[in-house]
Amino acid sequence: MYRLGIDVGGTNTDAIILNDRLQVIASVKAHTTQNIESGIFNALTKVLQLAHISPSEITQAMLGTTQCTNAIVERKHLAKVGVLRVGYPATASVPPYTAWPEDMVEALGGYTAIVDGGFETDGRVLNEIDKKQIVNILSDWKGKVESVAITGVFSSVNDEQEEVVGKLAKQMLGEDVPVSLSSKIGSLGLIERENATILNASLAKVIQNTVDGFKKALENEGVVNARLYLCQNDGTLMSSEFARRYPILTIGSGPTNSIRGAAYLAEIRNAIVVDVGGTTTDLGVLQNGFPRESSLAIEVGGITTNFRMPDVISIGLGGGSIVTVNDDGSVSVGPKSVGYKIVEEAITFGGDTLTATDVAVRLGMSTVGNPERVAKKVDLGVAEKAMEEIKRMVEDAVDKMKTNANDASIVLVGGGSIIVPEKLAGVSKAVKDQLGSVANAIGASIAQISGQIEQIYVYSEQNREESLNDAQRQAADLAKEAGADANTLELVEVEEIPIAYNADGSTKVRVKIVGDLS
Amino acid sequence: MRLIGREEIENIALGASFFGAGGGGNPYVGKMMAIAAVEKFGPVKLVSTDEIEEEDLFISVAGMGAPTVLAEKIPNGNEYRHAFEKISQYIGKQFTGVFPIEAGGVNSMIPLVVAAQLGIPLVDCDTMGRAFPELQMTTLHLGGINISPLVITDEKGNISVTETVTDKWAETILRAETTEMGGQAAVALYPCTGANLKQWGVHGIVSQCEVVGQMIEQASGSKEDPYEALLRETDGFHLFQGKIVDVIRTTKNGFNFGTIQIDGLDQNKGSRCEIDFQNENKIAKVDDRLSAVTPDLIILVDTETLVPVTTENLKYGKRVRVLATKANPLWRTKKGIETTGPRYFGYDMDFKPVEDLQKEEV
């Protein structure tokens, strides 16, 4: 019994194999290719050779991929989408696609309609749906749209109308035209949720190619007994069937996997992950084993959405950051960097540019390159001042990500992590690991399954306990549907936000449940 | 007179979240409505109070209700026009233009929608110079100009014309109607003359929103300290810099109440700032010493981006700068302080101007 984790990034495709005790037995890096299939195939071939196991012994295969993000950013391979908004007479003042980039609207065909329907915030019907009206629009779209996005007003309070309209769409356009319902995708905020739903619908073909490509690569290598999973951006997995319906959930899974992989290596559930690259350092927060989500509206390819994304910040500090001595004697580090040219330009590698890596070597924190050359060429005073600056930058960034005033544990990963000193203010423990460079693929292979729900409850009608129970039940159902083992479900997040100007006790509730793979 | 198009709208909306002083809600939906309206009907004419005729009639149009409902149940777009037409019909006279009731949040944007639809001018003034939660908290009210007759309507077409004995009654009755209409409604209110606006409006506020919005938008790219420039532009006072360490929230009678605790950073290290909010920020204290109090504006901005932080977006760990600006002089009169001063909001203290409080500190 083995697990295979694959991470397809912009530059590299990483593959790792874990045994049933979740120990890494082989890991490789290969170049990402134009067609995802051959890149996966190359990485897979190499990692299987290294692991010395039979491909048929792999029982679970996880894929983390940026294919969907790239498709949106590049406007490529996107489906023609029929956008149906259910909420007239409300909402007409902001039609679908308002403030979208024009090339994106063009790529998706620009088919939109606002039809009668919707609910009020307290669950009353805003307007009844008119099936005839919807049937007329759908028959117009037949043969033109490849995917449908349906968004109803207050569908998070009641999703009945969205479901009915979704069934009509299937009847009219055929079972092979995928239907995306907004209540399954985003949270409150009609415009942002509709945008996310449209993007989800537009990815129907991309996700099909990705999943099929993954399957084919596995079959070609003889991995025939594995269940297939795709990584979501909250650090959990979805079955390949689920992914076909919710491809948008793969967006942002890269940083998430890196955070989770790093934490797994360090055996920590609550920590700040500091990923030090050549030019930048990314920081993310691990909360109860999962990345903390950003509470801000997220833009994808120039489109504002409100679906969840990991809360990540970047600072201009890395192993290749250029160190400058200013006129007043102070020393600054970055944001300019020698980048991938570090192997030629850094002093320790025979070059003439003083980098953060040289500073670390001068101070004995690393022996990479030629320490003797560095000792001759780099002034100790300058190196000490530079290190103070590096320390201050990291301490500041760590403090920004903190959730409370206590000292935090941090996990250091990435090729540049040698430049970070072990003792930092506000940090109780700093951990580094050798396998840090394939943290993404590790994150992919250890992910769990989750279900999440966000809904408004009126506590004066349904008391708080019942409401929270209901939300948990719904989240648990979603997790089970995504492939979680019902016996391992665990509540990891509850958030309650009271709503102003509303019936007393109206509260927005958000609940997340996770479980192991079944 | 000048034209307001998409770019100007983006800046005005950002500036509106500054002058909202924590309240007014996120202008996002209003901004999208205004953008959709100018894209369909063309840009809006913005006229200064110097350019309007004394005897011409003007009216404000606004949204009422919870920002969270608005974000989901977006208006039809014709409500504001219906309200505007109904009030003209009721009074039997034509209105020349519209003005925003408040500079903060969504209501900074709504008049742009109806101005675009009807091709009428937007007057560069409002009736608060900031945001306030109740309909009688306006400078027109201070000038004795009646809020009614007024019109309230919803996206379904329900419409009512209301005349009230006081402006405060309008607040009470319309709030009840708003709840029944689904937590979100459109109103046309404060019918008045050009002369009234010249005497009692807060002049130039739309343009000021735009200037401030532009400064915030360009803050990250600017060379000189953009925060200092912002203080200069708004004649503001820097009160505190720190990190939010606690937010206690309560909802009372449908309003959003709470307290923010901020721990000092840099020059404020070791100090603590406490801010009380009731929709908007009402009182700021540093180490238990009063720094600013309503009706003066207390504003939180992100330390780095200077993007205003509204009471809905308060979050542990957020780095903020706290500043205060002087309320319009009309608010600092006896009647102004009675209407929006600390005692009206239930605080047992007298109003003191922010500039005096800052002097005391020195």
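On a predicted model such as this, the values are computed, not experimentally measured, just so you know. These values consider heavy atoms only, across backbone and side chains, with no hydrogens, waters or symmetry-generated copies.
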What do you reckon, is [atom1] of [X] surrounded by more than 12 foreign heavy atoms closer than 6.0 Å?
X: A:Gln462; atom1: CD; result: yes
X: B:Glu7; atom1: CD; result: no
X: B:Gln267; atom1: CD; result: yes
X: A:Asp328; atom1: CG; result: yes
X: A:Lys336; atom1: NZ; result: no

(message) Evaluate A:Leu126 against B:Lys156 for side-chain contact (heavy atoms from CB on, under 4.5 Å), listing each step before the verdict.
(response) CA-CA 8 Å; A:Leu126 166 68; B:Lys156 304 164 197 80; 3.5 Å; yes

(message) Between A:Ile191 and B:Ile74, is the side-chain contact (heavy atoms from CB on, under 4.5 Å) condition met? List the steps.
(response) CA-CA 9 Å; A:Ile191 300 170; B:Ile74 296 163; 3.3 Å; yes

(message) So which residue, B:Glu155, B:Glu72, B:Gln117, ends up with the most heavy-atom pairs under 4.5 Å with chain A?
(response)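 With the most close heavy-atom pairs to chain A, the winner is B:Glu72.
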
(request) Considering only heavy atoms and a distance below 4.5 Å, find which of B:Ala36, B:Gly77, B:Pro75, B:Ala71 pairs most often with chain A. (result)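 Top option by heavy-atom pairs under 4.5 Å: B:Pro75.
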
(message) I need the residue from A:Arg124, A:Arg193, A:Glu120, A:Glu194 with the largest number of non-hydrogen atom pairs under 4.5 Å to chain B.
(response)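 Most heavy-atom pairs under 4.5 Å with chain B: A:Glu120.
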
(message) With a 4.5 angstrom heavy-atom cut-off, is it the side chain or the backbone of A:Ser156 that approaches chain B, or both, or neither?
(response)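 Neither the backbone nor the side chain of A:Ser156 comes within 4.5 Å of chain B.
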
(request) Answer yes when B:Arg319 and A:Asp399 have at least one side-chain N-carboxylate O distance shorter than 4.0 Å, and no when they do not. (result)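 Judged by the 4.0 Å cut-off on N to carboxylate O distance, B:Arg319 and A:Asp399 do form a salt bridge.
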
(request) Over all heavy atoms of both residues, which pair between B:Val69 and A:Phe154 is shortest? Give the atoms and the distance, please. (result)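 Shortest heavy-atom separation between B:Val69 and A:Phe154 comes out as CA-CZ, 4.0 Å.
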
(request) Without swapping roles, check the side chain of B:Asn76 against the backbone of A:Ala90 for a donor-acceptor pair under 3.5 Å. (result)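 No, the answer is negative, given that no donor and acceptor are paired below the 3.5 Å cut-off.
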
(request) I would like to know whether B:Val113 and A:Ser93 meet side-chain contact (heavy atoms from CB on, under 4.5 Å); could you show each step before the answer? (result) CA-CA 9 Å; B:Val113 176; A:Ser93 63; 5.6 Å; no

(request) Find the distance between NZ (B:Lys73) and CG (A:Leu190) and round it off to the nearest 0.5 Å. (result)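 It is 12.0 Å, given to the nearest 0.5 Å.
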
(request) With rounding to the nearest 0.5 Å, note down the distance linking NZ in B:Lys31 to OG1 in A:Thr98. (result)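 These two atoms lie 12.0 Å from each other.
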
